[in-house]
Asker: 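First, the structure itself, so that you have it in front of you.
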Amino acid sequence: MSRSDRDALLIVTPHPSGQLPADILRQMLGDDVFDTPKREAFLRRIFLDGDAYTDLLYSLPGARHVQAPWSRFAVDLNRERGDRVDNGVIKDTDFDRQPLYPPHTRLSDDEREARLRHIWDPFDAAVGAELSGARLMIVGHSMASHGPRLGQDTGTPRPAICLMPGTPDAPTFPHRQWHALQGAAEDAFGDVIAASPFERVTIGEPWSTDTLSLTHSRRSGVPAFGIEFNVGLHLRDGQPRDDVMRQMNAAFARFADAALELVN
């Protein structure tokens with residue numbers, strides 16, 4: 001597939017950033033925001049508890065991209081705007097349930113709304129704008145090797161790759177093509193998976209639906225799906241495995257081209 005053909009593909013990465021706006025960082029750290037070792041350690045923790053390096057893993061020359069500039073712990077862009085559960089759009093803890101804010105901190109409704117207006121709304125608008133003329137959207141994530149404390153599958157081992165095309169009753173990607181999509185992923189990532197301790201490309205395990213895919217496919221009519229890479233594939237003790245990341249990115253290019261062909 002040529003680069004010009006890939007212009008019909010939008011790749012969205014909502015969680016790779018480890019950056020926080022200064023006002024939010026100060027809310028979280030208080031006076032420690034001026035303590036460089038503490039600040040840098042906190043930002044490293046935030047980065048690794050996000051989807052570290054997914055901006056690189058899902059980069060594809062010729063495709064359209066929308067990438068989040070801020071950490072998911074400022075605002076989680078893969079949540080509905082009004083989602084106020086503990087793992088919702090604005091979180092109080094990280095995924096190990098460690099507090100992000102000093103004790104007794106409570107964000108007011110006005111503070112929440114300002115955050116959503118400044119971060120969630122522009123990202124939502126950017127995705128909508130880039131979908132004009134697109135034929136497929138892929139939302140790229142990574143997931144912990146086992147379900148974290150803040151989640152629905154705490155302690156459960158996870159597959160190598162999870163595809164999230166919706167549910168049979170509410171597909172975001174054509175249901176008749178799910179088996180072909182899974183096969184394309186198995187073919188593209190087969191060597192990566194075979195060299196790892198992880199197994200299987202799943203559909204709907206541990207998640208069936210990517211919120212961004214559902215929201216924007218409904219609005220635009222453009223097919224969409226989410227994909228999760230197990231972090232154990234490309235990280236070791238928090239450090240990127242450059243050779244594996246290069247291999248995964250090349251495999252993603254083959255997979256993305258095949259996925260685009262399925263909706264042509």
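For the single chain, residues carry numbers from 1 onward in sequence order.
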Asker: Would Arg200 and Glu205 pass as an ion pair if we require N to O under 4.0 Å?
Answerer: yes
Asker: Report the C-alpha separation of Tyr101 and Thr93 in whole Å, then their side-chain angles, then the decisive distance to 0.1 Å, and conclude whether the side chain to side chain contact (heavy atoms under 4.5 Å, CB included) test is met.
Answerer: CA-CA 8 Å; Tyr101 300 88; Thr93 72; over 6 Å; no
Asker: Test Leu25 against Arg39 for side chain to side chain contact (heavy atoms under 4.5 Å, CB included), laying out the working first.
Answerer: CA-CA 9 Å; Leu25 182 60; Arg39 183 182 65 251; 4.0 Å; yes
Asker: So if I apply the side-chain hydrogen bond (donor to acceptor under 3.5 Å, both in side chains) rule between Arg135 and each of Asn264, Asp5, Asp7, which one comes out positive?
Answerer: Asn264
Asker: Is it the case that the side chain of Thr172 and the backbone of Pro165 share a donor-acceptor pair, with hydrogens and angles ignored and the cut-off at 3.5 Å?
Answerer: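 It does hold such a pair.
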Asker: Do the side chain of Asn230 and the main chain of Gly232 share a donor and acceptor less than 3.5 angstrom apart?
Answerer: yes
Asker: Side-chain heavy atoms nearer than 4.5 Å, only ILVMFWY residues, links allowed to pass through others: does that put Phe255 and Met245 together?
Answerer: yes
Asker: Less than 4.5 Å apart, any side-chain heavy atom of Phe73 and any of Ile24?
Answerer: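 Contact flag for Phe73/Ile24 side chains = no.
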Asker: Test side chain to side chain contact (heavy atoms under 4.5 Å, CB included) on Ile138 and Val12; report intermediate values, then the result.
Answerer: CA-CA 6 Å; Ile138 300 176; Val12 179; over 6 Å; no
Asker: Supply the atom-to-atom distance Leu48 CG to Ser142 OG, rounded to the nearest 0.5 angstrom.
Answerer: 10.0 Å
Asker: Between Gln177 and Phe173, does the side chain to side chain contact (heavy atoms under 4.5 Å, CB included) criterion hold? Intermediate values first, please.
Answerer: CA-CA 8 Å; Gln177 297 284 29; Phe173 186 84; 3.6 Å; yes
Asker: Quick check for you: to the nearest 0.5 Å, what is the distance between Ile46 atom CD1 and Ser71 atom OG?
Answerer: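 If I round to the nearest 0.5 Å, the distance is 5.0 Å.
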Asker: Without hydrogens or angle criteria, can the side chains of Arg115 and Gln27 be said to hold a donor-acceptor pair below 3.5 Å?
Answerer: yes
Asker: Under 3.5 Å, side chain of Arg45 to main-chain N/O of Asp94, donor-acceptor pair present?
Answerer: no
Asker: Does atom CG of Asp31 have more than 12 heavy-atom neighbours from other groups under 6.0 Å away?
Answerer: no
Asker: With rounding to the nearest 0.5 Å, note down the distance linking OG1 in Thr202 to CD in Gln182.
Answerer: 7.5 Å
Asker: For residues Pro102 and Met28, report the shortest heavy-atom separation together with the two atoms involved.
Answerer: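 Closest heavy-atom pair between Pro102 and Met28: CD-O, 3.4 Å.
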Asker: Looking only at side-chain N and O atoms, does His146 offer a donor or acceptor that is under 3.5 Å from a partner on Asp153?
Answerer: no
Asker: Looking at side-chain heavy atoms only, is the closest gap between Cys162 and Ile227 below 4.5 Å?
Answerer: no
Asker: Which pair of heavy atoms, one from Asn249 and one from Leu57, lies closest together, and at what distance?
Answerer: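 Where Asn249 meets Leu57 most closely, the heavy atoms are ND2-O, 3.0 Å.
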Asker: When you check the gap from the basic side-chain N to the acidic O, do Asp86 and Arg97 get nearer than 4.0 Å?
Answerer: yes
Asker: Which heavy atom of Pro14 sits nearest to which heavy atom of Gly140, and what is that distance?
Answerer: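 Nearest pair, atom of Pro14 first, then Gly140: CD-O, 3.6 Å.
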Asker: Check whether any side-chain N or O of His216 sits under 3.5 Å from a backbone N or O of Leu212 as a donor-acceptor pair, and report yes or no.
Answerer: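 Flag not set: sc His216 to bb Leu212 has no pair under 3.5 Å.
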Asker: Atom CG of residue position Asp83 - does it have more than 12 heavy atoms of other residues, nucleotides or ligands inside 6.0 Å?
Answerer: yes
Asker: Using a 4.5 Å cut-off on heavy atoms from C-beta on, say whether the side chain of Phe198 contacts that of Ile193.
Answerer: no
Asker: With a 3.5 Å distance limit and no angle check, can you tell me whether Ser196 reaches the backbone of Leu233 through a side-chain donor-acceptor pair?
Answerer: no
Asker: Please say yes or no: joined through hydrophobic side-chain contacts below 4.5 Å, possibly via intermediate residues, are Leu100 and Leu29 part of one cluster?
Answerer: yes
Asker: Using a 4.5 Å cut-off on heavy atoms from C-beta on, say whether the side chain of Arg79 contacts that of Asn87.
Answerer: yes
Asker: Quick one, Leu77 and Arg72 - any side-chain contact, counting heavy atoms below 4.5 Å?
Answerer: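 Counting from C-beta outward, Leu77 and Arg72 never come under 4.5 Å.
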Asker: For a 4.5 angstrom cut-off between non-hydrogen side-chain atoms, does Ser145 reach Pro157?
Answerer: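 When only atoms from C-beta onward are counted, Pro157 and Ser145 do not touch, as no gap falls below 4.5 Å.
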Asker: Should we count CZ of Arg117 as having more than 12 external heavy atoms under 6.0 Å?
Answerer: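 For Arg117, atom CZ is crowded (more than 12 foreign heavy atoms under 6.0 Å).
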Asker: With rounding to the nearest 0.5 Å, note down the distance linking CD1 in Ile11 to OG1 in Thr54.
Answerer: 11.5 Å
Asker: Treating His234 as the side-chain partner and Gln239 as the backbone partner, does any N or O pair qualify as donor plus acceptor under 3.5 Å?
Answerer: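 No; judged by distance alone, with no hydrogens or angles, the pair does not exist.
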Asker: Hey, what do you get for CD (Gln67) to CZ (Phe123), rounding to the nearest 0.5 Å?
Answerer: 9.0 Å
Asker: Take a 6.0 Å sphere around CD of Glu111 and say whether it holds more than 12 heavy atoms from other residues, nucleotides or ligands.
Answerer: yes
Asker: I'd like to know if the side chain of Arg6 reaches the main chain of Pro61, judged simply by a donor and an acceptor atom lying under 3.5 Å from each other, with no hydrogens or angles considered.
Answerer: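 Side chain of Arg6 to backbone of Pro61: a pair is present.
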Asker: Does a side-chain heavy-atom distance below 4.5 Å link Pro69 with Gln19?
Answerer: no
Asker: About how many Å separate CG of Asp51 and CZ of Phe47, when rounded to the nearest 0.5 Å?
Answerer: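 Answer for the CZ-CG pair, Phe47 versus Asp51, is 10.0 Å.
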Asker: Are there over 12 heavy-atom neighbours, none belonging to Arg219, within less than 6.0 Å of that residue's CZ?
Answerer: yes
Asker: Side-chain contact test, heavy atoms from C-beta onward, threshold under 4.5 Å: evaluate it for Asp257 versus Leu9 and give yes or no.
Answerer: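 Heavy-atom side-chain distance check fails, nothing below 4.5 Å.
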Asker: With ring pair (Phe, Tyr, Trp, His ring centres under 6.0 Å) as the criterion, how do Tyr58 and Tyr53 come out once you've worked through the C-alpha distance, each side chain's angles and the decisive distance to 0.1 Å?
Answerer: CA-CA 9 Å; Tyr58 293 108; Tyr53 304 106; over 10 Å; no
Asker: Check the hydrophobic clustering (I, L, V, M, F, W, Y; side-chain heavy atoms under 4.5 Å; chains of links allowed) and say if Val139 and Met143 are grouped together.
Answerer: no
Asker: Where do His15 and Asp76 land on the side chain to side chain donor-acceptor pair (under 3.5 Å) test, with the steps shown first?
Answerer: CA-CA 8 Å; His15 297 147; Asp76 193 330; 2.6 Å; yes
Asker: Judged by atom type as modelled, is there a donor-acceptor pair below 3.5 Å linking the side chain of Ser220 to the main-chain atoms of Val222?
Answerer: yes
Asker: Is there a donor-acceptor contact under 3.5 Å from the side chain of Ser217 to the main chain of Ser213?
Answerer: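 Yes, because the side chain of Ser217 sits within donor-acceptor range (under 3.5 Å) of the backbone of Ser213.
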Asker: Tell me whether Met248 is reachable from Met164 by hopping between hydrophobic residues (I, L, V, M, F, W, Y) whose side-chain heavy atoms are closer than 4.5 Å.
Answerer: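 Different clusters.
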Asker: In the single-linkage hydrophobic clustering (I, L, V, M, F, W, Y; side-chain heavy atoms under 4.5 Å), do Val127 and Leu214 co-cluster?
Answerer: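 Different hydrophobic clusters.
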Asker: Tell me whether the count of non-hydrogen atoms from other residues, nucleotides or ligands lying under 6.0 Å of CD in Gln98 goes above 12.
Answerer: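 Atom CD in Gln98 is crowded, with more than 12 foreign heavy atoms closer than 6.0 Å.
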Asker: Under a 4.0 Å N-O cut-off, is there an ion pair linking Asp187 with Arg254?
Answerer: no
Asker: On a heavy-atom basis, which atom in Ala74 and which in Ile90 lie closest, and how many Å separate them?
Answerer: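 Minimum heavy-atom separation between Ala74 and Ile90: O-CG1, 4.1 Å.
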Asker: Using ring centroids (six-membered ring only for Trp), state whether Phe252 and Phe189 fall under 6.0 Å.
Answerer: no
Asker: Do you know which two heavy atoms are closest between Ala170 and Arg218, and how far apart they sit?
Answerer: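 Ala170 and Arg218 have their closest heavy atoms at CB-NH2, 4.5 Å.
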Asker: Can we say Glu113 and Arg81 salt-bridge, meaning some charged N sits less than 4.0 Å from an Asp/Glu carboxylate O?
Answerer: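 Yes, this pair counts.
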Asker: Where the side chain of Ser208 meets the backbone of Thr167, is there a donor-acceptor pair that is under 3.5 Å apart?
Answerer: no
Asker: Does any donor atom in the side chain of Asp210 or His141 lie under 3.5 Å from an acceptor atom in the other side chain?
Answerer: yes
Asker: Kindly give the heavy-atom pair with the smallest separation between Asp49 and Asp96, and that separation in Å.
Answerer: OD2-N, 4.4 Å
